[in-house]
Amino acid sequence: MRISISLLQLFLGLLLAINGILLHCQAWPARYTFVVEETPYKRLCSTKKILTVNGQFPGPTLYARKGDTIIVDVINKGNRNITLHWHGVAQPRNPWSDGPEYITQCPIQPGANFTQKIIFSTEEGTLWWHAHSEWDRATVHGAMIIYPNKDTHYPFPKPHAEIPIILGEWWKEDIGELYTQTLKNGGDPNNSSAFLVNGQPGDLYPCSKPETFKLLVDYGKTYLLRLINAAEQEILFFSIANHKVTVVGSDASYTKPFTTDYVTIPPGQTLDLLLTANQSPSKYYYMAARAYLGGVGIAYDNTTTTAILQYKNHVPSSTPPLLPALPAYNDTNASVHFTGSLRSLADKNHPVDVPLKITTHLFYTLSVNTFPCPKNSCAGPNGSRLAASVNNISFMTPTIDILQAYYYHVNGVFGTRFPNFPPLLFNFTAQDLPLYLQTPKRSTEVKVLEYNATVELVFQGTNVVSGDDHPMHLHGFSFYVVGWGLGNFDKDKDPLTYNLVDPPLKNTITVPVNGWTAIRFKADNPGVWFMHCHLDRHMSWGMDVTFIVKNGKETQAQILPPPPDMPPC
């Protein structure tokens with residue numbers, strides 16, 4: 001009888017997981033094993049080997065409650081170095097497990113292991129994990145779902161079911177070869193061959209229709225879609241034909257609900273969307289995503305990925321699924337309108353804590369740049385090599401990770417003179433800028449912050465070489481987005497328009513093309529923390545900054561000791 005009950009419990013548990021019905025009373029593993037390995041996958045009529053975790057693409061979903069700590073044992077059985085990053089997890093005092101290569105650790109080499117501790121604190125909602133080495137996050141990524149504490153609930157009615165929707169990109173060529181070739185020739189990377197929904201291109205691509213992801217729904221029920229943009233190089237518009245969605249969270253923080261026909265989601269960001277199945281059950285409906293591109297003259301993947309929304313227990317018509325009306329690929333107004341609509345929930349159970357007295361003012365210009373090549377032999381503009389910079393510094397990745405160099409006082413790995421302001425002031429968004437502005441300085445400089453400093457950081461996009469949107473991600477912190485605008489930031493007028501009442505709490509925010517975004521945060525997490533553009537081409541070209549937050553005086557305000565199995569350099 002015991003065996004029968006156990007088998008029945010196992011069957012019911014699998015059934016609930018398959019249907020996406022995750023009960024709040026459920027206990028999740030405190031320890032996971034992630035085996036990084038090559039696995040053959042067929043997409044777009046051809047098969048190639050990709051790096052996966054546990055053979056899955058997308059990878060396994062991690063589950064936790066607010067404030068939990070979980071352990072992930074990473075075993076690298078792949079053919080190249082790897083690191084894993086837990087995107088949006090603050091990791092209080094624990095930068096050792098944050099993951100960006102040569103920033104907080106050296107890579108996990110083939111045949112080696114590394115045990116990473118993930119310390120959740122204030123996060124609640126949807127986050128994700130991904131590789132943070134070269135461009136391997138194209139296939140090495142998965143969702144993280146952080147539920148409320150057992151004695152609390154969602155600030156909205158409990159949905160009938162919850163479904164991760166992971167948007168991605170697929171290249172027919174090997175992603176490692178694409179990375180190497182792109183850096184070698186100095187130009188833009190090849191456009192992706194397809195966009196993906198939960199690993200599948202969808203009906204509009206060759207050899208893809210039978211495997212298109214399908215979401216089965218019951219009429220009248222409400223579903224929580226946990227939307228993640230895992231794409232490498234593109235901001236995406238996403239919409240569902242004939243259905244609206246209600247935004248209730250972003251980057252593991254609740255938002256004031258608002259209903260919309262579409263969303264804009266940059267790489268790295270997450271959105272929690274409530275979908276009510278209230279349309280005709282006799283039809284199919286496409287969920288669709290395609291690129292948004294703010295820059296002019298930049299090549300991009302102009303295809304559309306689809307999944308199918310289908311009502312249960314109804315015989316659908318033979319007509320093709322309905323396509324949603326997505327904004328045009330270059331509709332900057334649509335992009336900034338959506339992003340500007342996000343507001344923190346800001347109720348008694350979810351208060352905001354926006355820093356009001358700022359001790360550290362930073363102003364960072366974000367530029368696409370070029371370096372000259374011998375005999376104009378590179379694939380960038382006029383034979384140059386494409387680069388990127390923050391305050392005219394193009395970040396050079398060291399060969400010893402910055403965290404260990406800082407912790408063990410190893411000299412010569414990095415400098416500490418990253419500028420608070422750009423070295424040159426000019427009309428950042430002018431149409432025709434002098435050519436001398438195109439060449440940045442290469443260095444490995446970090447910005448040192450005092451513990452508990454209150455920071456205001458204004459990102460300013462520039463039109464050097466070409467203006468573009470920049471989804472900026474800060475490790476180790478969430479931050480309040482207190483303002484944004486198009487054009488040049490006005491230090492006298494624009495702060496008067498800041499939202500200091502209910503600004504959204506984010507870990508990734510898009511700085512609009514030739515515009516600015518202002519964020520605020522408190523530097524209360526000691527350690528070494530990376531900040532970078534989440535378009536991988538820009539990150540690889542040098543649009544990166546490393547912050548060092550000093551230890552506080554108390555033991556509880558100091559970096560935790562390193563684990564014994566840190567990967568060697």
Side-chain angles (χ1 to χ4, degrees), residues 87-90 121-127 155-156 235 246-260 263-266 268-273 333 335-364 366 449 452-461 469-487 489-512 515-525 529 531 534 547:
H87 187 113
V89 182
S121 52
T122 60
E123 305 88 4
E124 188 174 321
T126 306
L127 293 173
F156 47 81
I235 300 170
T246 300
V247 182
V248 294
S250 181
D251 286 359
S253 180
Y254 295 118
T255 62
K256 285 184 170 64
F258 71 95
T259 301
T260 179
V263 304
T264 311
I265 184 166
Q269 201 174 94
T270 69
L271 292 169
D272 290 334
L273 309 174
N333 288 334
S335 176
V336 298
H337 172 76
F338 175 80
T339 302
S341 298
L342 295 169
R343 299 284 187 275
S344 283
L345 187 56
D347 63 14
K348 64 178 182 179
N349 295 319
H350 307 89
V352 298
D353 187 20
V354 186
L356 300 178
K357 295 182 179 180
I358 302 301
T359 63
T360 304
H361 290 269
L362 305 175
F363 186 86
Y364 286 179
L366 309 175
L449 297 173
N452 270 344
T454 50
V455 180
E456 178 177 304
L457 168 54
V458 177
F459 296 110
Q460 173 68 61
D469 294 83
H470 301 295
M472 299 302 295
H473 171 50
L474 176 59
H475 293 220
F477 299 90
S478 290
F479 49 78
Y480 290 101
V481 182
V482 296
W484 65 273
L486 301 177
F489 177 75
D490 187 317
K491 64 180 179 62
D492 297 316
K493 295 180 180 179
D494 287 326
L496 301 177
T497 68
Y498 282 177
N499 175 12
L500 302 178
V501 177
D502 59 355
L505 185 65
K506 306 286 293 175
N507 63 60
T508 305
I509 190 63
T510 298
V511 181
W516 59 272
T517 299
I519 68 172
R520 290 184 176 187
F521 64 96
K522 187 176 183 179
D524 55 0
N525 190 9
W529 306 106
M531 185 182 75
H534 226 280
F547 288 101

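For the residue pair His473 and Asn507, the shortest heavy atom distance occurs at ND1-O, 2.8 Å. Scanning both residues, Leu486 and Pro512, for their nearest heavy atoms gives CD2-CB, 3.8 Å. Between His350 and Pro155, the shortest heavy-atom distance links the atoms CE1-CB, 4.0 Å. Across all non-hydrogen atoms, the minimal contact from Pro504 to Ser344 is CA-OG, 3.5 Å. Nearest heavy atoms, Thr360 versus Ala453: OG1-CB, 3.8 Å. The two residues Lys522 and Thr454 make their nearest non-hydrogen contact at CG-CG2, 4.3 Å.
The side-chain heavy atoms of Phe156 and Asp272, taken from C-beta on, include no pair separated by under 4.5 Å. Contact of the Lys506 side chain with the Gln269 side chain is registered, since non-hydrogen atoms from C-beta on lie closer than 4.5 Å. Between Thr508 and His87 there is a side-chain heavy-atom pair separated by less than 4.5 Å. Side-chain contact between Val458 and Lys491 is absent, with no heavy atoms from C-beta onward closer than 4.5 Å. With a 4.5 Å cut-off on side-chain heavy atoms, Asp524 and Asn452 count as touching. Annotation: side chain of Phe547 is in contact with side chain of Leu362 (closest heavy-atom distance under 4.5 Å). When side chains are defined from C-beta on, Leu505 does not count as touching Val352, because their heavy atoms never get closer than 4.5 Å.
Evaluation of the side-chain contact (heavy atoms from CB on, under 4.5 Å) rule for Asp490 yields Asp492, Lys493, Asp494 as partners, not counting sequence neighbours. Contacts of His337 classified as side-chain hydrogen bond (donor to acceptor under 3.5 Å, both in side chains), with partners at least two apart in sequence or in another chain: none. The side-chain contact (heavy atoms from CB on, under 4.5 Å) test applied to Glu123 returns Val89, Ala90, Phe120, Ser121, Leu127, Ala252, not counting sequence neighbours. The side-chain hydrogen bond (donor to acceptor under 3.5 Å, both in side chains) test applied to Thr517 returns no partner, not counting sequence neighbours. Tyr364 pairs by the side-chain hydrogen bond (donor to acceptor under 3.5 Å, both in side chains) definition with nothing, not counting sequence neighbours. Shown here are the ring-ring contact (aromatic ring centres under 6.0 Å, His included) partners of His361, two or more places apart in sequence or in another chain: there are none. Not counting sequence neighbours, Tyr498 has no partner by the ring-ring contact (aromatic ring centres under 6.0 Å, His included) test. Partners of Asn525 by side-chain hydrogen bond (donor to acceptor under 3.5 Å, both in side chains), not counting sequence neighbours: none found. Among residues two or more places apart in sequence or in another chain, the side-chain contact (heavy atoms from CB on, under 4.5 Å) test is passed with Asn499 by Arg343, Val501, Asp502, Pro503. Judged as a side-chain contact (heavy atoms from CB on, under 4.5 Å), and not counting sequence neighbours, the contacts of Thr339 are Ile509.
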For side chain to side chain contact (heavy atoms under 4.5 Å, CB included), just list the numbers for Leu449 and Phe521, CA-CA rounded to whole Å, side-chain angles, deciding distance to a tenth of an Å, and then say yes or no. CA-CA 12 Å; Leu449 297 173; Phe521 64 96; 4.3 Å; yes
In a table with atom names and distances, give each donor-acceptor pair under 3.5 Å that connects a side chain of residues 477-484 to protein atoms at least two apart or in another chain.
unit_1 : atom_1 : unit_2 : atom_2 : d
Tyr480 : OH     : Asp353 : N      : 2.8

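The line from OG1 of Thr264 to CD1 of Ile235 is 8.5 Å long, rounded to the nearest 0.5 Å. A distance of 7.5 Å separates CG of Leu271 from CG of Asp251, quoted to the nearest 0.5 Å. Taken from CD1 in Ile519 to CG in Leu474, the straight-line distance is 6.0 Å, to the nearest 0.5 Å.
Arg520 contributes a side-chain N or O that, together with a main-chain N or O of Pro355, makes up a donor-acceptor pair within less than 3.5 Å. Between the side chain of Gln460 and the backbone N or O of Phe489 there is at least one donor-acceptor pair closer than 3.5 Å. Put simply, the side chain of Ser250 gets close to the backbone of Thr270: a donor and an acceptor are under 3.5 Å apart.
A donor-acceptor contact closer than 3.5 angstrom is absent between the side chains of Asp469 and Thr510.
Counting only residues at least two apart or on different chains, no salt bridge (Lys or Arg N to Asp or Glu O under 4.0 Å) pair has a member in residues 472-486.
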